*Asks:* 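Sharing a structure with you now.
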Amino acid sequence: VASGFGQAQAQDYPSRPITMIVPFSAGGPTDTVTRLVAEAMGKDLGQQIVVENVGGAGGTLGAGRVAKADKDGYTLLLHHIGMATSATLYRKLPYDTLNAFDYVGLVTDVPMTLVARSDFEPKDLKGLIEYVKTNKDKVTYANAGVGAASHLCGMLFMSKIETPLTTVPYKGTGPAMTDLVGKQVDFMCDQTTNTTNQIKSGKIKAYVTTTKQRVASLPDIPTAEEAGLPGFEVGIWHGIYAPKGTSPEIIKKLTASLQKALKDPTVVQRFADLGTQPSSEADATPDALKAKLTSEIDRWAPVIKAAGVYAD
Ligand code: MLT
(Lines give C-alpha, C1' and ligand atoms only; values in the text may rest on other atoms or scores of the structure.)
Protein backbone atom coordinates (compact mmCIF):
# COMPACT_ATOMS: atom_id res chain seq x y z
CA VAL A 1 0.00 0.00 0.00
CA ALA A 2 2.77 2.41 1.02
CA SER A 3 4.44 2.28 -2.37
CA GLY A 4 1.05 2.61 -4.07
CA PHE A 5 0.34 5.67 -1.94
CA GLY A 6 3.84 6.94 -2.74
CA GLN A 7 3.21 6.41 -6.44
CA ALA A 8 -0.08 8.32 -6.30
CA GLN A 9 1.56 11.13 -4.32
CA ALA A 10 4.36 11.38 -6.90
CA GLN A 11 1.88 11.29 -9.79
CA ASP A 12 -0.03 14.40 -8.72
CA TYR A 13 3.05 16.15 -7.29
CA PRO A 14 3.05 19.05 -6.76
CA SER A 15 -0.55 19.45 -5.64
CA ARG A 16 0.15 22.42 -3.29
CA PRO A 17 2.80 25.18 -2.88
CA ILE A 18 6.39 24.08 -2.27
CA THR A 19 8.68 25.72 0.31
CA MET A 20 12.29 26.37 -0.71
CA ILE A 21 14.48 27.25 2.28
CA VAL A 22 17.30 29.78 1.91
CA PRO A 23 19.67 29.32 4.88
CA PHE A 24 20.56 33.03 4.94
CA SER A 25 18.74 36.37 5.33
CA ALA A 26 16.50 37.84 2.66
CA GLY A 27 18.16 40.25 0.25
CA GLY A 28 21.49 38.39 0.07
CA PRO A 29 23.10 36.46 -2.79
CA THR A 30 21.59 33.05 -1.93
CA ASP A 31 18.15 34.65 -1.62
CA THR A 32 18.59 36.41 -4.99
CA VAL A 33 19.56 33.19 -6.80
CA THR A 34 16.75 31.25 -5.12
CA ARG A 35 13.96 33.71 -5.89
CA LEU A 36 14.92 33.76 -9.58
CA VAL A 37 15.04 29.96 -9.87
CA ALA A 38 11.97 29.39 -7.65
CA GLU A 39 9.89 31.74 -9.79
CA ALA A 40 10.80 29.87 -12.98
CA MET A 41 10.40 26.39 -11.44
CA GLY A 42 7.04 27.37 -9.94
CA LYS A 43 5.75 28.45 -13.35
CA ASP A 44 6.88 25.17 -14.84
CA LEU A 45 5.45 23.00 -12.04
CA GLY A 46 2.19 24.94 -11.82
CA GLN A 47 2.54 25.50 -8.07
CA GLN A 48 4.04 28.49 -6.26
CA ILE A 49 7.46 27.90 -4.71
CA VAL A 50 7.49 29.93 -1.49
CA VAL A 51 10.98 31.09 -0.46
CA GLU A 52 11.56 30.97 3.29
CA ASN A 53 14.70 32.52 4.86
CA VAL A 54 16.07 30.54 7.80
CA GLY A 55 19.36 32.26 8.73
CA GLY A 56 21.90 31.53 11.43
CA ALA A 57 25.08 29.56 12.12
CA GLY A 58 26.49 30.17 8.66
CA GLY A 59 23.64 28.40 6.89
CA THR A 60 23.68 25.22 9.00
CA LEU A 61 20.40 26.02 10.82
CA GLY A 62 18.46 26.22 7.56
CA ALA A 63 20.11 23.09 6.20
CA GLY A 64 19.23 21.28 9.44
CA ARG A 65 15.59 22.33 9.06
CA VAL A 66 15.36 20.67 5.64
CA ALA A 67 17.23 17.55 6.76
CA LYS A 68 14.45 16.96 9.30
CA ALA A 69 11.52 17.94 7.03
CA ASP A 70 8.91 15.54 5.62
CA LYS A 71 10.26 13.63 2.62
CA ASP A 72 7.26 14.61 0.47
CA GLY A 73 9.00 17.04 -1.90
CA TYR A 74 7.31 20.10 -0.34
CA THR A 75 10.36 21.32 1.60
CA LEU A 76 13.55 21.93 -0.39
CA LEU A 77 16.89 23.63 0.33
CA LEU A 78 18.94 25.86 -1.95
CA HIS A 79 22.44 26.11 -0.48
CA HIS A 80 25.97 26.77 -1.69
CA ILE A 81 29.61 25.77 -1.11
CA GLY A 82 28.96 26.29 2.61
CA MET A 83 27.31 22.85 2.64
CA ALA A 84 30.78 21.42 1.94
CA THR A 85 32.89 23.66 4.18
CA SER A 86 30.51 23.34 7.16
CA ALA A 87 31.12 19.58 7.15
CA THR A 88 34.68 20.36 8.35
CA LEU A 89 34.15 23.67 10.17
CA TYR A 90 31.50 22.38 12.62
CA ARG A 91 32.46 19.68 15.14
CA LYS A 92 28.74 18.83 15.43
CA LEU A 93 26.06 19.63 12.87
CA PRO A 94 22.25 19.19 13.14
CA TYR A 95 22.48 16.87 10.11
CA ASP A 96 24.75 14.28 8.50
CA THR A 97 26.00 16.13 5.43
CA LEU A 98 26.41 13.14 3.11
CA ASN A 99 23.42 11.10 4.33
CA ALA A 100 20.62 13.53 5.15
CA PHE A 101 19.78 14.80 1.67
CA ASP A 102 18.70 13.72 -1.75
CA TYR A 103 20.10 15.75 -4.64
CA VAL A 104 18.17 17.71 -7.28
CA GLY A 105 21.03 19.42 -9.14
CA LEU A 106 23.58 22.26 -9.40
CA VAL A 107 22.19 25.75 -10.09
CA THR A 108 25.03 28.24 -10.70
CA ASP A 109 28.65 29.00 -9.76
CA VAL A 110 28.97 32.64 -8.63
CA PRO A 111 32.21 34.71 -8.58
CA MET A 112 33.21 36.68 -5.49
CA THR A 113 34.42 40.27 -5.19
CA LEU A 114 36.54 41.82 -2.45
CA VAL A 115 34.60 45.00 -1.65
CA ALA A 116 34.85 47.83 0.89
CA ARG A 117 33.00 50.90 2.12
CA SER A 118 33.23 53.59 -0.58
CA ASP A 119 35.56 55.84 1.48
CA PHE A 120 38.01 53.07 2.48
CA GLU A 121 41.47 54.62 2.01
CA PRO A 122 43.36 51.86 0.11
CA LYS A 123 43.33 52.50 -3.66
CA ASP A 124 44.15 48.97 -4.84
CA LEU A 125 44.69 45.44 -3.56
CA LYS A 126 48.35 46.01 -2.66
CA GLY A 127 47.36 49.10 -0.71
CA LEU A 128 44.53 47.18 0.96
CA ILE A 129 46.86 44.42 2.11
CA GLU A 130 49.35 46.94 3.53
CA TYR A 131 46.58 48.95 5.21
CA VAL A 132 44.97 45.85 6.72
CA LYS A 133 48.28 44.55 8.07
CA THR A 134 49.15 47.94 9.60
CA ASN A 135 45.67 48.45 11.07
CA LYS A 136 44.83 44.81 11.81
CA ASP A 137 43.36 45.60 15.23
CA LYS A 138 41.09 48.33 13.86
CA VAL A 139 39.85 46.97 10.53
CA THR A 140 36.53 45.05 10.52
CA TYR A 141 35.55 42.33 8.04
CA ALA A 142 31.89 41.36 7.55
CA ASN A 143 30.66 37.83 6.86
CA ALA A 144 27.54 35.67 7.18
CA GLY A 145 28.86 33.41 9.94
CA VAL A 146 31.15 30.36 10.00
CA GLY A 147 30.19 28.27 6.99
CA ALA A 148 29.14 31.15 4.76
CA ALA A 149 30.82 31.81 1.40
CA SER A 150 31.86 35.21 2.77
CA HIS A 151 33.46 33.39 5.70
CA LEU A 152 35.37 30.98 3.43
CA CYS A 153 36.60 33.80 1.18
CA GLY A 154 37.66 35.86 4.19
CA MET A 155 39.47 32.87 5.67
CA LEU A 156 41.37 32.38 2.40
CA PHE A 157 42.28 36.08 2.26
CA MET A 158 43.45 36.19 5.89
CA SER A 159 45.50 33.01 5.38
CA LYS A 160 47.08 34.44 2.21
CA ILE A 161 48.08 37.70 3.92
CA GLU A 162 48.86 35.87 7.19
CA THR A 163 46.79 38.37 9.16
CA PRO A 164 43.75 37.36 11.21
CA LEU A 165 41.13 40.13 11.39
CA THR A 166 38.13 41.06 13.51
CA THR A 167 35.06 39.67 11.76
CA VAL A 168 31.50 40.95 12.20
CA PRO A 169 29.03 38.07 11.59
CA TYR A 170 25.55 38.64 10.09
CA LYS A 171 22.77 36.22 9.20
CA GLY A 172 23.52 36.91 5.55
CA THR A 173 25.42 39.37 3.41
CA GLY A 174 22.15 41.13 2.65
CA PRO A 175 22.23 42.85 6.07
CA ALA A 176 26.04 42.97 5.94
CA MET A 177 25.81 44.96 2.70
CA THR A 178 23.49 47.47 4.39
CA ASP A 179 26.19 48.12 6.99
CA LEU A 180 28.95 48.25 4.36
CA VAL A 181 27.04 50.85 2.34
CA GLY A 182 26.41 52.65 5.63
CA LYS A 183 30.16 52.53 6.41
CA GLN A 184 29.53 50.63 9.69
CA VAL A 185 32.01 47.93 8.63
CA ASP A 186 35.16 48.19 6.50
CA PHE A 187 35.21 45.39 3.94
CA MET A 188 34.00 41.94 2.96
CA CYS A 189 34.19 39.28 0.28
CA ASP A 190 30.77 38.71 -1.28
CA GLN A 191 29.22 37.24 -4.39
CA THR A 192 28.62 39.31 -7.53
CA THR A 193 24.91 38.46 -7.20
CA ASN A 194 24.94 40.84 -4.21
CA THR A 195 27.70 43.32 -5.02
CA THR A 196 27.28 44.12 -8.73
CA ASN A 197 24.58 46.79 -8.40
CA GLN A 198 26.24 48.43 -5.36
CA ILE A 199 29.59 48.56 -7.18
CA LYS A 200 28.04 50.06 -10.33
CA SER A 201 26.17 52.67 -8.28
CA GLY A 202 29.39 53.63 -6.43
CA LYS A 203 27.88 52.79 -3.03
CA ILE A 204 30.80 50.43 -2.36
CA LYS A 205 34.22 50.01 -3.94
CA ALA A 206 35.61 46.78 -5.39
CA TYR A 207 39.26 45.69 -5.42
CA VAL A 208 39.36 42.30 -7.16
CA THR A 209 37.33 39.32 -8.31
CA THR A 210 38.20 35.80 -7.13
CA THR A 211 38.08 34.40 -10.67
CA LYS A 212 40.65 33.29 -13.26
CA GLN A 213 39.18 35.66 -15.88
CA ARG A 214 37.57 39.03 -15.29
CA VAL A 215 33.79 39.01 -14.73
CA ALA A 216 32.10 40.20 -17.98
CA SER A 217 29.60 42.42 -16.16
CA LEU A 218 32.42 44.01 -14.07
CA PRO A 219 35.09 44.52 -16.78
CA ASP A 220 37.06 47.18 -14.87
CA ILE A 221 37.71 45.02 -11.80
CA PRO A 222 41.01 43.11 -11.96
CA THR A 223 41.27 39.50 -10.92
CA ALA A 224 43.22 38.81 -7.73
CA GLU A 225 46.02 37.32 -9.81
CA GLU A 226 46.30 40.48 -11.95
CA ALA A 227 46.39 42.55 -8.76
CA GLY A 228 49.25 40.52 -7.28
CA LEU A 229 47.50 37.88 -5.16
CA PRO A 230 47.59 34.67 -7.23
CA GLY A 231 45.70 31.68 -5.86
CA PHE A 232 43.03 33.84 -4.18
CA GLU A 233 40.31 32.07 -6.15
CA VAL A 234 36.95 30.67 -5.11
CA GLY A 235 33.67 30.11 -6.96
CA ILE A 236 30.40 29.77 -5.02
CA TRP A 237 28.52 26.84 -6.50
CA HIS A 238 24.87 26.41 -5.45
CA GLY A 239 22.66 23.28 -5.40
CA ILE A 240 19.11 22.24 -4.57
CA TYR A 241 18.54 19.45 -2.01
CA ALA A 242 15.55 17.50 -0.65
CA PRO A 243 15.34 15.44 2.56
CA LYS A 244 16.81 11.92 2.14
CA GLY A 245 14.14 9.40 1.19
CA THR A 246 12.11 11.67 -1.09
CA SER A 247 10.53 9.55 -3.85
CA PRO A 248 12.74 9.25 -6.95
CA GLU A 249 9.75 10.21 -9.16
CA ILE A 250 9.46 13.52 -7.29
CA ILE A 251 13.22 14.13 -7.50
CA LYS A 252 13.02 13.45 -11.27
CA LYS A 253 10.22 16.03 -11.65
CA LEU A 254 12.23 18.60 -9.68
CA THR A 255 15.42 17.97 -11.68
CA ALA A 256 13.55 18.32 -14.98
CA SER A 257 11.94 21.55 -13.73
CA LEU A 258 15.31 22.94 -12.57
CA GLN A 259 16.85 22.20 -15.97
CA LYS A 260 14.01 24.06 -17.68
CA ALA A 261 14.25 26.98 -15.23
CA LEU A 262 17.98 27.34 -15.96
CA LYS A 263 17.12 27.86 -19.65
CA ASP A 264 14.40 30.43 -18.87
CA PRO A 265 15.49 33.65 -20.69
CA THR A 266 14.72 35.80 -17.62
CA VAL A 267 16.90 33.60 -15.40
CA VAL A 268 19.73 33.58 -17.95
CA GLN A 269 19.59 37.37 -18.36
CA ARG A 270 19.33 38.17 -14.64
CA PHE A 271 22.21 35.80 -13.87
CA ALA A 272 24.30 37.49 -16.59
CA ASP A 273 23.49 40.96 -15.21
CA LEU A 274 24.68 39.72 -11.80
CA GLY A 275 27.98 38.27 -13.01
CA THR A 276 27.07 34.60 -13.23
CA GLN A 277 25.46 31.98 -15.46
CA PRO A 278 23.22 28.93 -15.00
CA SER A 279 24.77 25.49 -14.51
CA SER A 280 24.70 23.31 -17.63
CA GLU A 281 21.99 20.67 -18.05
CA ALA A 282 24.58 17.99 -17.30
CA ASP A 283 25.44 19.74 -14.03
CA ALA A 284 21.79 20.31 -13.09
CA THR A 285 21.51 16.64 -12.11
CA PRO A 286 21.56 14.67 -8.83
CA ASP A 287 24.80 12.85 -9.70
CA ALA A 288 26.64 16.09 -10.58
CA LEU A 289 25.56 17.77 -7.31
CA LYS A 290 26.46 14.71 -5.25
CA ALA A 291 29.90 14.50 -6.93
CA LYS A 292 30.48 18.23 -6.42
CA LEU A 293 29.55 18.14 -2.74
CA THR A 294 31.70 15.08 -2.06
CA SER A 295 34.76 16.42 -3.92
CA GLU A 296 34.45 19.87 -2.35
CA ILE A 297 34.34 18.46 1.18
CA ASP A 298 37.64 16.71 0.41
CA ARG A 299 39.11 19.79 -1.26
CA TRP A 300 38.39 22.29 1.53
CA ALA A 301 38.97 20.09 4.61
CA PRO A 302 42.79 20.44 4.51
CA VAL A 303 42.58 24.18 3.75
CA ILE A 304 40.28 24.72 6.74
CA LYS A 305 42.44 22.54 9.01
CA ALA A 306 45.57 24.44 7.92
CA ALA A 307 43.81 27.75 8.71
CA GLY A 308 42.90 26.34 12.13
CA VAL A 309 39.39 27.75 11.85
CA TYR A 310 36.55 25.91 13.58
CA ALA A 311 33.10 26.61 14.94
CA ASP A 312 32.52 24.94 18.28
C1 MLT B 1 27.40 33.97 2.25
O2 MLT B 1 28.39 34.60 2.55
O3 MLT B 1 27.32 32.74 2.24
C4 MLT B 1 26.24 34.78 1.90
O5 MLT B 1 26.06 35.68 2.91
C6 MLT B 1 25.05 33.99 1.76
C7 MLT B 1 23.87 34.90 1.69
O8 MLT B 1 23.70 35.82 2.49
O9 MLT B 1 23.10 34.65 0.80
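Residues: numbered from 1 along the sequence shown. Just so you know, these numbers come straight off a predicted model, no measurement behind them. First listed ligand is number 1; within each ligand, the first listed atom is number 1. All values below come from the heavy atoms of this structure, side chains included, with hydrogens, waters and symmetry mates left out.
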*Asks:* Pairs of nitrogen or oxygen atoms, one from ligand 1 and one from the protein, closer than 3.5 Å: please tabulate them with distances.
*Replies:*
{"unit_1": "ligand 1", "atom_1": "2 (O)", "unit_2": "A149", "atom_2": "N", "d": "3.3"}
{"unit_1": "ligand 1", "atom_1": "2 (O)", "unit_2": "S150", "atom_2": "N", "d": "2.8"}
{"unit_1": "ligand 1", "atom_1": "2 (O)", "unit_2": "S150", "atom_2": "OG", "d": "2.4"}
{"unit_1": "ligand 1", "atom_1": "3 (O)", "unit_2": "H80", "atom_2": "NE2", "d": "2.7"}
{"unit_1": "ligand 1", "atom_1": "3 (O)", "unit_2": "A149", "atom_2": "N", "d": "2.8"}
{"unit_1": "ligand 1", "atom_1": "5 (O)", "unit_2": "T173", "atom_2": "N", "d": "3.0"}
{"unit_1": "ligand 1", "atom_1": "5 (O)", "unit_2": "T173", "atom_2": "OG1", "d": "2.9"}
{"unit_1": "ligand 1", "atom_1": "8 (O)", "unit_2": "T173", "atom_2": "N", "d": "2.9"}
{"unit_1": "ligand 1", "atom_1": "8 (O)", "unit_2": "T173", "atom_2": "OG1", "d": "3.4"}
{"unit_1": "ligand 1", "atom_1": "9 (O)", "unit_2": "P29", "atom_2": "N", "d": "3.4"}
{"unit_1": "ligand 1", "atom_1": "9 (O)", "unit_2": "T30", "atom_2": "N", "d": "2.8"}
{"unit_1": "ligand 1", "atom_1": "9 (O)", "unit_2": "T30", "atom_2": "OG1", "d": "2.7"}

*Asks:* Test side chain to side chain donor-acceptor pair (under 3.5 Å) on T108 and T276 and set out the steps.
*Replies:* CA-CA 7 Å; T108 184; T276 192; 2.8 Å; yes
*Asks:* Could I get the full list of side-chain contact (heavy atoms from CB on, under 4.5 Å) partners for V168, not counting sequence neighbours?
*Replies:* T140, Y170, V185
*Asks:* Step through the shown structure and confirm whether more than 12 heavy atoms of other residues, nucleotides or ligands are within 6.0 Å of NZ on K126.
*Replies:* no
*Asks:* Would you sort out whether F24 and H80 count as a ring-ring contact (aromatic ring centres under 6.0 Å, His included), showing the intermediate values?
*Replies:* CA-CA 11 Å; F24 295 100; H80 57 39; 5.1 Å; yes
*Asks:* Under 4.0 Å between a side-chain nitrogen and a carboxylate oxygen: does that hold for E233 and K212?
*Replies:* yes
*Asks:* Flag the pair V309 / H151 as yes when at least one side-chain heavy-atom distance between them is below 4.5 Å, and no otherwise.
*Replies:* yes
